[in-house]
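Read the structure below first, then the notes.
Indexing begins at 1, ligand by ligand and atom by atom, following the structure's order. Model, not experiment: these values are computed from the prediction.
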Amino acid sequence: MHVHVYDKLFIGGQWCAPSGTDVIEVRSPYDLKPVGSVPQATNADVDAAVSAARSAFDSGVWSQMPAADRIAALERLLGLLTARSDELADLQTAEMGAPTSFSRAVYGPAPVGVLAATIATAKSTEWEERRPGISGLDIVVRREPVGVVGAIVPWNSPLFSLMGKLAPALAAGCSVVAKPSPETPLDANVFAELTVEAGIPEGVISVLPGGRDLGRHLVGHPGIDKVAFTGSTAAGREIAATCGQHLKRVSLELGGKSAAIILDDADLDLVTPGLKFGSLANSGQACIAQTRILAPRSRYDEVVDAIGTMMAGLVVGDPFDPATEVGPLVSQRQQERVKSYIQVGIDEGARLVTGGLDPYSDKPAGWFVRPTLFADVDNSMRIAREEIFGPVLVVIPYEDEADAVRIANDSDYGLAGSVWTSDAERGIDIGRRIRTGTFGVNHYLMDFNAPFGGMKASGLGREMGPEGLSEYFEYKSITPPPTA
Ligand code: NAD
């Protein structure tokens with residue numbers, strides 16, 4: 001793969017000279033070789049992008065374009081994105097080390113799927129309806145774009161998180177200033193090129209790579225009407241507070257500590273491959289990861305053995321090798337963080353079944369952590385309560401079904417979860433009792449026609465489906481004159 005070097009920033013649909021001189025270098029988390037570089041955006045670049053977005057929005061060039069024309073532009077974008085999907089998957093693997101088996105299956109196709117689903121939803125949206133009022137008058141109810149959107153995304157699912165915001169924002173008629181993470185700025189730049197080819201008007205989209213302080217400036221900018229954020233709960237709280245002060249609209253997709261409940265009638269031959277995806281996808285760096293495995297006391301040893309064997313057998317290595325199941329973590333900072341949690345688990349008295357802190361001696365200099373399983377874990381331990389964001393799972397015993405539901409719900413988070421059972425109805429019934437935004441029976445799947453998001457500290461609002469599109473609307477009611 002060639003090294004992607006950008007010397008310009010995408011501001012208001014044009015490649016512009018950056019106002020600062022700092023450069024963000026992206027290096028492979030596997031062997032630390034250069035992957036690419038982008039200029040680091042400054043607050044002045046944010047000001048220029050917001051100003052372009054504001055002018056575009058207020059001019060109506062996109063915000064008041066007939067919905068059918070906007071949708072036609074998004075369909076052109078869909079075609080271009082589909083054609084580049086494998087390349088974008090590979091770029092994300094290069095940037096952050098996601099195993100290619102996962103990025104080719106998810107990080108390439110999922111943004112395409114989100115855009116396609118959003119287009120379908122937009123096509124069936126009534127942008128303006130006449131609703132019989134209790135006054136006897138027909139009220140004109142309109143869905144109007146919320147305005148200029150600041151979209152801030154993390155490194156762990158960069159293009160998918162971006163598309164979860166850009167697709168509905170653009171469909172609704174908003175302008176967007178996007179801020180990718182400094183770890184993964186390259187895929188967003190390739191995407192930006194496609195928006196020009198698709199004919200999205202100037203001003204409507206900007207992409208400004210930078211870190212936390214740049215994000216803060218964007219969130220606090222008076223020209224931003226809504227912030228759409230994916231990232232950590234800590235940052236989400238700060239962003240929500242700023243938005244509260246300005247009464248900006250805000251939607252937040254935050255962290256998780258989801259449970260996979262294994263019932264007494266579960267088929268463990270299905271559970272272990274299922275958890276490779278549900279708990280360990282992207283080397284465990286996934287918000288939806290089901291990192292608390294709840295096992296019935298009656299089958300506890302059997303479950304620990306099965307998951308321990310699966311994790312000890314995971315293929316850890318070069319993310320571009322199709323056989324690799326766990327790659328390096330994204331950065332040294334994440335490696336240190338995850339290792340510190342493994343130490344916390346040991347110190348808390350959990351039983352180390354497999355993995356641990358020994359470094360690999362047979363791998364390049366990248367940010368590897370051994371897939372690690374802890375047993376004999378109590379739900380009050382820090383390794384059961386805090387998001388670790390790496391290939392570290394815990395197995396917690398439960399007494400009966402009610403106890404399993406209680407433990408699953410005993411979390412500050414409420415993002416995802418799953419249940420494993422041979423009785424589908426029993427599984428769906430458990431799903432009804434779990435306080436999370438999504439839940440799966442015998443697998444975990446995000447369906448782009450269905451709302452995705454978190455309860456409790458996992459977020460605010462929803463992405464995907466009509467619910468996700470409605471996050472980008474303001475509703476307006478126009479009352480006609482009284483009848484004579
Ligand atoms: P992070 O919160 O540190 O950073 C996320 C993004 O926000 C980055 O672009 C960062 O530069 C920016 N940022 C950080 N602090 C900010 C602030 N105060 N104001 C404005 N912008 C700020 O998170 P991360 O470590 O990059 O990503 C991992 C986190 O994201 C995990 O907690 C994970 O669970 C969460 N996540 C959630 C979902 C979801 O859909 N619920 C999806 C993916 C990741």
In plain terms, say whether Glu348 and Arg382 are close enough for a salt bridge, that is, a side-chain N and a carboxylate O under 4.0 Å apart.
no

Check ion pair Lys339-Glu336 (N to O, under 4.0 angstrom):
no

I need the full list of salt bridge (Lys or Arg N to Asp or Glu O under 4.0 Å) pairs touching residues 214-241, with sequence neighbours left out, sorted by first then second residue.
Arg54-Asp225, Asp213-Arg216, Arg216-Glu238, Lys226-Glu471

Between the protein and ligand 1, which nitrogen or oxygen pairs come in under 3.5 Å, and how far apart is each?
unit_1	atom_1	unit_2	atom_2	d
ligand 1	2 (O)	Ser232	N	2.8
ligand 1	2 (O)	Ser232	OG	2.6
ligand 1	9 (O)	Val153	O	2.8
ligand 1	9 (O)	Lys179	NZ	2.8
ligand 1	9 (O)	Ser181	OG	3.1
ligand 1	11 (O)	Lys179	NZ	2.9
ligand 1	15 (N)	Arg212	NE	3.4
ligand 1	18 (N)	Glu238	OE1	3.3
ligand 1	18 (N)	Glu238	OE2	3.3
ligand 1	23 (O)	Ser232	N	3.4
ligand 1	25 (O)	Trp155	NE1	3.4
ligand 1	26 (O)	Trp155	NE1	3.0
ligand 1	30 (O)	Gly231	O	3.2
ligand 1	32 (O)	Glu387	OE1	2.6
ligand 1	34 (O)	Glu387	OE1	3.3
ligand 1	34 (O)	Glu387	OE2	2.7
ligand 1	41 (N)	Leu254	N	3.2
ligand 1	41 (N)	Leu254	O	2.7

According to salt bridge (Lys or Arg N to Asp or Glu O under 4.0 Å), who are the partners of Lys363, at least two apart in sequence or on a separate chain?
none

Sequence neighbours excluded, which residues qualify as salt bridge (Lys or Arg N to Asp or Glu O under 4.0 Å) partners of Asp378?
none

Could you tell me whether the side chain of Val190 reaches within less than 4.5 Å of the side chain of Tyr6, counting heavy atoms only?
yes

